[in-house]
Number of protein chains: 2
Amino acid sequence: MTEIEKKLENNGIRPTAMRILIYKFMAQKEVAIALTDIEDAFVKAERTTLYRTLKTFEDKGIVHHIDDGTGISKYALCEQGCNCELDQDLHLHFHCSNCDKTVCLTDHKIPHINLPDGYIAEDANLVITGICEKCSGH
Amino acid sequence: MTEIEKKLENNGIRPTAMRILIYKFMAQKEVAIALTDIEDAFVKAERTTLYRTLKTFEDKGIVHHIDDGTGISKYALCEQGCNCELDQDLHLHFHCSNCDKTVCLTDHKIPHINLPDGYIAEDANLVITGICEKCSGH
DNA sequence: CATTAAATGCACTTCCGTTGCATTCTTTAT
DNA sequence: ATAAAGAATGCAACGGAAGTGCATTTAATG
């Protein structure tokens with residue numbers, strides 16, 4: 001049994017062929033993945049299957065959902081110790097307006113905000129849009 | 001000529017009856033407005049007209065577009081001196097998960113973030129989700 | 001009043017997310 | 001090993017919201 005299969009099983013996900021392929025695909029990408037990206041990479045697979053695979057990954061906590069403001073849901077593998085489901089890993093996301101790629105800046109946590117009286121924060125989403133290091137030429 | 005008509009004309013917007021009504025509607029609301037909200041309020045009007053009115057307001061800079069993460073575009077009147085089009089008024093937005101309303105916290109600017117080398121910020125969006133003061137009972 | 005430009009109304013399209021249900025595959029118990 | 005049960009997959013279709021093209025109406029201008 002491979003590392004990936006273990007990872008899936010440890011999180012209560014049956015390690016089917018499709019799921020392993022999708023996990024590998026996401027692992028080798030350093031950017032957030034949209035459903036369409038996976039569709040393009042696995043043309044033989046059904047959109048629904050890919051869709052539900054992402055949902056399963058998210059529900060089981062090995063992937064987190066990213067809203068980068070483009071209107072297209074993206075996903076990224078959670079890093080070791082990511083507690084995104086507990087709202088304890090509120091790192092920010094960077095969306096490049098040039099190449100349209102979105103990356104997790106996991107080292108950059110969202111700063112604490114003092115809200116007005118009566119407001120109770122439960123979650124936060126911070127997206128910086130601009131030019132990524134690749135497009136800016138470092 | 002009313003204040004609203006002046007306001008519209010000063011921003012290069014022809015003050016038609018519809019536009020004045022929509023402006024008034026937005027002015028009396030203290031929360032961000034979705035297209036559907038305006039549809040519900042003006043059932044006699046065409047969706048497209050309302051849609052394009054919001055677009056016009058946004059283009060002319062008297063309204064700013066809000067992405068609160070719900071997937072539904074919302075809009076709010078710019079306050080005096082709002083420079084949202086210049087990315088100088090990056091206040092944060094609060095979305096209530098209970099009543100589904102979104103408000104501008106104009107006094108709460110998005111803190112400056114030090115990005116990794118090579119990343120160039122052009123815009124930022126910070127949305128805090130939680131319970132608003134009305135739903136929390138102050 | 002005639003001409004021109006802008007605003008509006010209507011119909012339609014696209015995109016993405018989502019669901020229902022039948023079918024296939026995998027696991028588990030006998 | 002095989003049958004039964006449960007989960008995953010494939011297929012078809014729906015739904016909401018944003019957006020566009022074009023004809024028509026309304027408002028501004030000379």
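Sequence lines set the chain letters: A, B, ... in the order given, protein chains first and strands last, and positions in each chain run from 1. What you see is a predicted model, and the numbers here were worked out from it, not measured in a lab.
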If I take atom [atom1] in residue [X] and atom [atom2] in nucleotide [N], what distance separates them, rounded to the nearest angstrom?
{"X": "B/Glu9", "N": "C/dA6", "atom1": "CD", "atom2": "P", "answer": "15 Å"}
{"X": "A/Lys60", "N": "D/dA8", "atom1": "NZ", "atom2": "P", "answer": "8 Å"}
{"X": "A/Tyr51", "N": "D/dC11", "atom1": "OH", "atom2": "P", "answer": "19 Å"}
{"X": "A/Leu21", "N": "D/dA8", "atom1": "CG", "atom2": "P", "answer": "16 Å"}
{"X": "B/Ile13", "N": "D/dA28", "atom1": "CD1", "atom2": "P", "answer": "14 Å"}
{"X": "B/Asp40", "N": "D/dA17", "atom1": "CG", "atom2": "P", "answer": "10 Å"}
{"X": "A/Leu54", "N": "C/dC16", "atom1": "CG", "atom2": "P", "answer": "14 Å"}
{"X": "A/Met18", "N": "D/dG10", "atom1": "CE", "atom2": "P", "answer": "8 Å"}

>> Looking at A/Ser73 and C/dC16, is any side-chain donor or acceptor paired with a base atom of the opposite kind under 3.5 Å?
In response: no
> Under 3.5 Å, is there an N or O donor on one side and an acceptor on the other linking the side chain of B/Arg52 and the base of C/dG9?
Replying inline: yes
I want to verify a distance call: between [options], whose nearest atom is closest to the [X] side chain?
{"X": "B/Thr16", "options": "D/dA18, C/dT8, D/dA8", "result": "C/dT8"}
{"X": "B/Thr36", "options": "D/dA17, D/dT9, C/dT18", "result": "D/dA17"}
{"X": "A/Arg47", "options": "C/dA11, D/dA18, C/dT18", "result": "C/dT18"}
{"X": "A/Arg19", "options": "C/dG9, D/dA8, D/dA18", "result": "D/dA8"}
{"X": "B/Lys55", "options": "C/dG17, D/dG19, D/dA18", "result": "D/dG19"}
{"X": "B/Glu46", "options": "D/dA8, C/dC21, C/dG9", "result": "C/dG9"}
{"X": "A/Arg14", "options": "C/dT27, C/dT19, C/dC12", "result": "C/dT27"}

> Is the number of heavy atoms from other residues, nucleotides or ligands within 6.0 Å of CG (B/Asp117) greater than 12?
Replying inline: no
>> Walk me through whether A/His108 and B/Asn114 qualify under side-chain hydrogen bond (donor to acceptor under 3.5 Å, both in side chains).
In response: CA-CA 8 Å; A/His108 293 67; B/Asn114 284 313; over 6 Å; no
> Is there a donor in the side chain of B/Thr70 and an acceptor in the side chain of B/His95, or the other way round, less than 3.5 Å apart?
Replying inline: no
>> Are B/Phe57 and B/Tyr75 an aromatic pair, judged by ring center distance below 6.0 Å?
In response: no
>> Does the plane of the ring in A/His93 sit parallel, tilted or perpendicular to the ring in A/His64? Use 30° and 60° as the thresholds.
In response: tilted
